[in-house]
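The chains referred to below are lettered A, B, ... by the order of the sequence lines, with proteins before strands, and numbering in each begins at 1. None of the values given here were measured: they were computed from a predicted structure.
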2 protein chains.
Amino acid sequence: MVQLSPAESGRAAQGDTSVTRVLGILDLFAPDTPVWTVDMLVEHLSLGRATIYRYIRALCDAGFLVPVAGAGYVLGPRFIEFDRSIRLADPLLHIVPPVMAELRAVVNGAQLLCGFYGLRVLTVLQDKTDPNITMSMERGRPFSLFQGSPSRVILAHLPTYQLRNLALNQQKEIAAAGLGENWTEFRDAMRAIRKTGYLVASDIDKALVGISAPIFHAPGAVAASLCLVRLKESVTPEDAAFLGGLAVWACQRISAELQAFRPGNAGAGAPAFPISRVR
Amino acid sequence: MVQLSPAESGRAAQGDTSVTRVLGILDLFAPDTPVWTVDMLVEHLSLGRATIYRYIRALCDAGFLVPVAGAGYVLGPRFIEFDRSIRLADPLLHIVPPVMAELRAVVNGAQLLCGFYGLRVLTVLQDKTDPNITMSMERGRPFSLFQGSPSRVILAHLPTYQLRNLALNQQKEIAAAGLGENWTEFRDAMRAIRKTGYLVASDIDKALVGISAPIFHAPGAVAASLCLVRLKESVTPEDAAFLGGLAVWACQRISAELQAFRPGNAGAGAPAFPISRVR
DNA sequence: ATGAAAATCCTCATAATAAGAGATTTTTTT
DNA sequence: AAAAAAATCTCTTATTATGAGGATTTTCAT
């Protein structure tokens, strides 16, 4: 029997375990509401005061929250530490910066390295030259898997069975992004992108053009994408094709280095550098 | 009645709730063991397979873990996103970079901005000039509250009652760091630092000297510290004093800006920019 | 330093739910 | 397309999370 509701809503969300609730609390600490008091949480979550204190204590002990003056709590230092852990373990952050430096003058705009994580894509590294390009696309900025050239070029290079799953489960989002109304349309659209090797798009910031190519951890396994960004008005079709070729060339080099890369700490049977799976 | 064991062990650790266990799993994903499989977790934690899958699902749904090829899991993108949230909300990251740029030439070494979070201090921003200084002190690098000039200058400026608590609960660590064998010694040591206004130390990397001054969010409320770093061999006592004065001057400017700062998004009654409490 | 106000934690009975074993479904590889 | 591996589900039992209110600690102003 097929579960319809989770598929329809895009992601299962039946979570009602205490762990889910505790982790959910962290989501409340968004940039526009960075401080929460116990009273606010009690009211917002309709839970007993003691329970909230228990939750908060667990989060504080783990360093995910920090108490601040005036009975409030904010996001804690552990996130900063974990981000550093991830940075230290990520071979792309060793390999890509020199490549970006080489491309900088030719691109004359900006460059993004976008990582692929399950169903999400996010900026992992940024290199900006043109001060006219005001992007808040720095590390940590999330993208939908279906919007923007960095995401879509990754999407296009996912294994077939993952694309099939997406076509089934994310039908609405795919159609909304203009990637096809059904599986065959979607598959053909993705195939076309793969054939070109790079993707030119201008769907996130209309004033900009992004030209992206895929980075592979292993043959057939996308790990990330490199996106070259320019002001739209300064890009002719020939420029776009040229930058596309440039991106592909750079990404081939990056992929080769990535596949040669073996971390010194590699655990016995552990994958050298792991690729995200969808779902 | 006084709880002795938590005080002795430095921090309470009686956690045996499911939330604690789940959060504890994340600690396993350290830089040298970044990939964990379900089997490894089952064995390591002596828990049922179904339970591990339940835990992992909660963490994956929250974006704290990501499945990778080969039945493994790694730290997820949510940490990168949360770090960005914190960066975006942190006024210090707006205020300090230009100040560091001004100081750069004079310091001729490196500069650290260290934030204060509960019982921890960590690097939040780094500015390096001298290539001979090889520090891995970039954002996210944690410090003990008792080691290093950035930490200790913050420590010295904590409110008296917090110092008293520390003297009670962290007695061993304080003695080990040479900050005094008892409350009066500790208090006097801290007072001496406050009187100087800055702190010169060389206790983390013996080849370097750090000269730190405190940054206040409100009069009497430390929020962070600025640390000027130089190779030890190139620092005379006069240099140290000069850099100390420079640090204090810079921190006064930073503190003034910080106290004037009111985030545009400030929620109704929420503190403008929150200061960490100890504990 | 002292005391009042606020914030946090503890105790305990009850009801909710997390754990585990094994079958089942989904995903991935060949 | 089939086989292997991974992840999820089902169900019962025993664990443990919950909430109310009181005890305690922390904070802040005098």
Checklist entry - With a 3.5 Å cut-off and just heavy-atom distances, do the side chain of R54(B) and the base of dA18(C) make a donor-acceptor pair? => result no
Next on the checklist: Ignoring hydrogens and geometry beyond distance, is the side chain of R49(A) in donor-acceptor contact with the base of dG21(D) at under 3.5 Å?
Outcome noted: no
Next on the checklist: I need the Y73(B) OH to I56(B) CD1 distance, nearest 0.5 Å.
Outcome noted: 5.0 Å
For atom [atom1] of [X] and atom [atom2] of [N], their distance in whole Å:
| X | N | atom1 | atom2 | result |
| --- | --- | --- | --- | --- |
| I56(B) | dA18(C) | CD1 | C1' | 16 Å |
| N165(B) | dC28(D) | CG | P | 12 Å |
| R57(B) | dA19(C) | CZ | P | 14 Å |
| L158(B) | dT26(D) | CG | C1' | 15 Å |
| R164(A) | dT28(C) | CZ | C1' | 15 Å |
| D16(A) | dA18(C) | CG | C1' | 13 Å |
| I52(A) | dG21(D) | CD1 | P | 17 Å |

When you measure from the side-chain N and O atoms of [X] to the phosphate of [N], is any distance below 4.0 Å, counting only OP1 and OP2?
| X | N | answer |
| --- | --- | --- |
| T51(A) | dG19(D) | yes |
| R21(B) | dT15(D) | no |
| Y53(B) | dT8(D) | no |
| T17(A) | dA18(C) | yes |

Those residues that, when tested against [X], pass side-chain contact (heavy atoms from CB on, under 4.5 Å) (two or more places apart):
| X | result |
| --- | --- |
| V248(B) | Y198(B), A213(B), Q252(B) |
| S18(B) | S18(A), V19(A), R21(B), Y55(B) |
| M190(B) | L155(B), A156(B), L163(B), L179(B), F186(B), I193(B), R194(B) |

Next on the checklist: What's the angle between the local helix axes at either end of the helix from dA1(C)-dT30(D) to dT30(C)-dA1(D), using five pairs per end and rounding to 10 degrees?
Outcome noted: 90°
Next on the checklist: Does anything in residues 183-192 of chain A form a side chain to side chain donor-acceptor pair (under 3.5 Å)? List the pairs, not counting sequence neighbours.
Outcome noted: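 Only N182(A)-T184(A) qualify under side chain to side chain donor-acceptor pair (under 3.5 Å).
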Item to check | Y55(A) or Y161(B), whichever maps to the more 5' nucleotide of DNA chain D | outcome: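 With Y55(A) and Y161(B) compared, the 5'-side residue is Y55(A).
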Checklist entry - Got a sec, which residues hit salt bridge (Lys or Arg N to Asp or Glu O under 4.0 Å) with E81(A), two or more places apart in sequence or on another chain? => result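 With neighbours one apart ignored, the set is R78(A), R120(B).
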Item to check | Pairing residues for R164(A) by the salt bridge (Lys or Arg N to Asp or Glu O under 4.0 Å) criterion, not counting sequence neighbours | outcome: none
Item to check | Sequence-distant partners of F216(A), ring-ring contact (aromatic ring centres under 6.0 Å, His included), two or more places apart | outcome: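 ring-ring contact (aromatic ring centres under 6.0 Å, His included) list for F216(A), sorted by chain: H157(A).
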Next on the checklist: Closest approach to the side chain of S18(B), judged atom by atom: which nucleotide of dC9(D), dA20(D), dA18(C) is it?
Outcome noted: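 Given the options dC9(D), dA20(D), dA18(C), the side chain of S18(B) is closest to dA18(C).
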Checklist entry - Which residue lies toward the 5' end of DNA chain C, V19(A) or A50(B), if each is placed at its nearest nucleotide? => result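 It is V19(A), whose closest nucleotide lies nearer the 5' terminus.
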Checklist entry - Which part of the nucleic acid does V38(A) contact within heavy-atom distance under 4.0 Å: base, sugar-phosphate only, or nothing? => result sugar-phosphate
Checklist entry - Which ones in residues 39-47 of chain A lie close to DNA chain C, meaning a heavy atom under 4.0 Å from one of its atoms? => result none
Next on the checklist: Is there a side-chain contact between L41(A) and L47(A) in this structure, where contact means two heavy atoms from C-beta onward sitting under 4.5 Å apart?
Outcome noted: no
Checklist entry - With under 30° as parallel and over 60° as perpendicular, where do the rings of F64(B) and F82(B) fit, or are they tilted in between? => result parallel
